[in-house]
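I have placed the structure first, in the form of structure tokens, so that the comments after it can refer back to it.
First the proteins, then the strands, lettered A, B, ... as listed; each starts at 1. Fair warning: this is a prediction, and the values are worked out from it, not measured in the lab.
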Number of protein chains: 2
Amino acid sequence: MTTPTRAKPARSGIAREGGLANEVLEFVWRRREVSRAEIARRTGRSRSTISEVVARLLPTGLIHEVGSGESRGGRRPILIGFRDDASTILGVDIGAAHVSVALTDLRGRVLEWREEAHPVRNDPHGTAALAVELGAACLAARGPGAPEPMGIGVAVPSPVDPLSPYRILERILPAWHDFDLLGELRGRFGIPVFVDNDANLGALAEHHWGKAVGIDDFAYLKVATGIGAGLMIDGEIYRGATGVAGEIGHVAIDPRGPQCVCGNRGCLATFVGTRALVARTRTLLSDFPQSVLAGTDPDIWTLEDAALADDPLALKVVDEAARNLGIVIAGVLNLMNPGSVILGGSLARLGDRLVTPLKEAVASRTLVASAAASDIRTSELGPRATALGAATHVLVAALADPNLFPGVNAR
Amino acid sequence: MTTPTRAKPARSGIAREGGLANEVLEFVWRRREVSRAEIARRTGRSRSTISEVVARLLPTGLIHEVGSGESRGGRRPILIGFRDDASTILGVDIGAAHVSVALTDLRGRVLEWREEAHPVRNDPHGTAALAVELGAACLAARGPGAPEPMGIGVAVPSPVDPLSPYRILERILPAWHDFDLLGELRGRFGIPVFVDNDANLGALAEHHWGKAVGIDDFAYLKVATGIGAGLMIDGEIYRGATGVAGEIGHVAIDPRGPQCVCGNRGCLATFVGTRALVARTRTLLSDFPQSVLAGTDPDIWTLEDAALADDPLALKVVDEAARNLGIVIAGVLNLMNPGSVILGGSLARLGDRLVTPLKEAVASRTLVASAAASDIRTSELGPRATALGAATHVLVAALADPNLFPGVNAR
DNA sequence: TGACTTTGTTCGGTTGCCGAACAAAGTGCG
DNA sequence: CGCACTTTGTTCGGCAACCGAACAAAGTCA
């Protein structure tokens with residue numbers, strides 16, 4: 001009855017303040033070096049207004065004057081540059097069986113990197129301690145004089161409800177019930193902490209640093225222990241009504257398929273998850289005595305290496321996986337019409353060995369195949385993509401409202 | 001190089017001007033009768049500001065003072081009401097084999113209604129002439145003193161590219177290549193014309209007048225000659241990168257299924273389109289000699305009527321259709337996590353006879369079944385839903401920017 | 001060299017919105 | 001009934017954001 005309805009709640013949970021100062025800041029970040037007059041032209045504001053805004057932004061230390069640019073027939077412009085080293089960000093990737101941490105600058109460069117295997121599912125306290133330890137190690141490696149990071153981003157292998165991000169993992173990881181990972185991190189480092197689902201953050205990383213730069217509507221599929229999709233719609237992560245959009249691991253693709261942990265039969269995850277791929281490889285070993293994998297106990301890494309070496313057994317497993325993925329991707333294309341589909345997770349390093357059979361499977365299942373199927377690609381961001389995406393989330397929040405990060409303008 | 005990037009291109013193609021005046025206008029429309037003080041509270045603005053905005057809005061004739069409301073312990077408020085009869089809107093539904101036109105007021109009430117069967121696919125000129133004729137008939141029935149409508153909305157059974165809405169139907173209806181339906185209508189009536197896909201407009205109708213009032217993320221499925229989905233995301237129709245989002249009729253649900261016109265096998269449309277349902281009914285006739293349909297040549301209407309009368313043959317056909325639809329809807333739920341799924345098209349009148357088996361099929365294919373599957377419902381808007389949605393599109397545009405409709409404030 | 005451009009700043013003015021103050025019109029209690 | 005208190009809607013002064021015009025500085029081009 002008395003709830004103000006003024007501002008739409010931002011779907012991303014990020015302020016998106018709309019102020020001109022933020023718009024200019026984000027523009028300078030995107031263009032790296034740009035004059036006041038150019039900002040004025042591109043934002044549609046007057047030069048006088050932009051001059052004033054830039055003057056207010058300079059003392060934050062996020063931007064600075066970096067010299068003069070080329071003349072366009074008159075006075076040479078003073079270029080405004082973004083200070084990529086004005087601060088740093090910690091990106092934490094909580095996987096199914098590992099924790100990794102990246103320390104990045106404000107341009108997505110990974111300055112430090114730590115990774116360690118850990119039984120995440122059953123040990124929330126140890127996981128949090130490990131994340132703190134790896135983060136501290138990243139900071140220590142930068143030396144004593146390095147500035148404090150401005151924030152921490154965390155990727156978790158589970159849906160995140162944007163309305164109550166603190167109670168996250170319990171659905172998939174019961175041991176994590178009511179454990180406050182975020183509070184732990186905030187308490188240790190004393191800076192803002194953000195969480196999101198790993199596939200969502202992978203999509204964010206692709207949007208900023210990968211194959212989706214400049215594309216505002218695309219789907220990112222991460223194939224790992226589980227399978228998840230991150231959907232970017234109009235430049236923002238789409239979460240759906242209750243925050244579980246993109247949970248495609250349990251789409252049924254074969255009602256006669258094997259039993260899945262979720263209780264149904266023939267889920268995508270039972271065919272394409274890393275465990276399923278390794279199991280399938282073991283089953284086929286006896287049929288491929290000439291395979292380099294023959295006589296070994298394969299895991300996902302040796303399987304991928306074998307595929308990269310064009311081993312026939314590995315290629316057969318990848319081919320089957322691609323065709324099963326294709327069923328689901330065709331559905332995504334028909335339903336959402338994304339501008340691009342990007343494949344992430346370790347399988348992405350197989351490149352065309354994965355994409356070619358995938359495109360075939362998709363083309364036979366889509367009406368507008370020619371247009372849609374042509375833009376399926378593999379990520380090139382590598383194993384650091386998720387942690388990088390977590391850091392990127394903090395960067396996006398900072399550009400949208402730098403006031404949330406008091407540490408920055410105190411330099 | 002010189003493109004201004006100021007305003008994001010609105011995905012809907014509608015202005016969404018953001019001005020306070022439009023916000024107030026839309027608020028008054030939603031609340032029907034509301035005082036200045038209440039508007040101020042709910043929009044977060046001051047009473048003085050709202051007073052001024054209302055004063056500027058009153059001369060448009062879209063709102064007016066309608067008396068005084070209940071006191072809340074002090075002076076009684078002056079209620080501001082929306083003039084539902086300030087203008088009218090023409091909504092045109094171009095179907096696969098019919099044209100229908102609704103004349104509505106600004107509250108979605110259908111004042112006049114005309115419908116006629118027509119071979120739309122092969123006769124664009126005749127179709128346009130028929131739309132004009134039915135529209136004129138609606139206007140004539142209102143008498144000579146009636147005000148001119150403020151705009152025309154058109155629903156077409158084909159994707160619409162928001163960037164070039166004039167070349168619409170050629171992909172699905174080759175005979176329509178380069179025929180300018182919109183120009184025809186604009187030339188005849190001299191008022192703004194808007195187009196969109198029929199499923200999108202059905203979703204819009206549900207959002208304003210049907211089962212999705214208050215729900216900003218949902219999927220609307222229309223089952224007719226073809227099958228299409230309208231996706232509403234954050235209160236706006238989602239079109240995807242190239243305007244074909246929701247084209248789910250050709251999702252493959254059975255690789256061993258029958259050949260489809262699109263060239264693939266086992267498309268959803270080959271199982272659940274009206275033609276497929278009638279064909280399936282004919283096939284099963286011999287197995288159900290006790291059916292009321294036995295000995296008849298059934299069509300989609302008699303089939304639905306039989307199902308409503310609990311005829312076993314009809315129920316079996318509906319049951320099969322529901323299970324096939326369920327496959328696709330489960331995919332929609334897993335991928336997009338909509339707050340609700342609403343079924344439209346004539347099949348919707350079967351109600352629980354359709355929804356119950358559908359929910360069963362969905363529940364066995366979704367991970368978060370309990371939450372998601374519970375909110376699948378049938379539309380109650382009936383056969384006028386699409387034309388109503390077309391008119392609603394014009395209403396939405398008008399509320400977002402009444403300046404587009406000069407005819408209104410000239411009263 | 002001189003005419004013309006472009007940049008960035010200064011300055012006065014408009015616009016949108018706010019808060020304080022006020023009159024009008026209510027309610028509720030002694 | 002009378003009086004204190006609320007709520008509504010308007011008026012008016014003021015602030016912040018932004019703009020356009022004017023200008024000096026610094027460049028290009030013929």
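Computed from coordinates, the Leu79(A) CG to dT7(C) C1' distance equals 12 Å when rounded to whole Å. In this structure, Arg72(A) atom CZ and dA25(D) atom P are separated by 22 Å, rounded to whole Å. Per the geometry, CZ belonging to Arg36(A) stands 17 Å off P belonging to dC18(D), to the nearest Å. Atom CG in Leu20(B) sits roughly 5 Å away from atom P in dC17(C) (whole-Å rounding). Remark: P of dT7(C) and CD1 of Ile80(A) are 13 Å apart, rounded to the nearest angstrom. Whole-Å rounding puts the Glu65(A) CD to dT7(C) C1' distance at 12 Å. Rounding to whole angstrom units, CD1 of residue Ile50(B) and C1' of dT7(D) are separated by 17 Å. The CD-P distance, from Glu23(B) to dG16(C), rounds to 15 Å in whole Å.
Residue Ser48(A) places its side chain closer to dT10(C) than to any other of dT8(D), dT10(C), dA22(D). Among the nucleotides dC18(C), dT9(C), dG27(D), the one closest to the side chain of Arg76(A) is dG27(D). Closest to the Pro77(A) side chain, of the nucleotides dT7(C), dC17(C), dT8(D), is dT7(C). Out of dC17(C), dC18(D), dG9(D), the shortest distance to the side chain of Glu52(B) is found at dC17(C). Distances were taken from every side-chain heavy atom of Ser71(A) (C-beta onward) to each of dG9(D), dT9(C), dG27(D); the shortest belongs to dG27(D).
The base of dG8(C) lies close enough to the side chain of Arg47(A) for a donor and an acceptor atom to sit less than 3.5 Å apart. Interface remark: the Arg75(A) side chain does not form any donor-acceptor pair with the dT6(C) base, using a distance-only criterion of under 3.5 Å.
A salt bridge does not link Glu52(A) with Arg36(A): none of the charged nitrogens is closer than 4.0 Å to a carboxylate oxygen.
Comparing Gly73(A) and Ser35(A) against DNA chain C, the residue whose closest nucleotide sits nearer the 5' end is Gly73(A).
A distance of 11.0 Å separates CD1 of Ile89(B) from CD1 of Ile152(B), quoted to the nearest 0.5 Å.
A donor atom on one side chain and an acceptor atom on the other are not found under 3.5 Å apart for Asp105(A) and Thr88(A).
Taking the six-membered ring for Trp and thresholds of 30 and 60 degrees, His207(B) and Phe218(B) have nearly parallel ring planes, at less than 30 degrees apart.
Look at Ser51(A) and you won't find any side-chain N or O under 4.0 angstrom from OP1 or OP2 of dG8(C).
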Please report the C-alpha distance between Thr104(B) and Leu111(B) in whole Å, then the side-chain angles of each, then the deciding distance to 0.1 Å, and finally whether the side-chain contact (heavy atoms from CB on, under 4.5 Å) criterion is met.
CA-CA 5 Å; Thr104(B) 76; Leu111(B) 306 174; 5.6 Å; no

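Counting non-hydrogen atoms under 4.0 angstrom, Ile78(B) reaches the backbone sugars and phosphates but no base.
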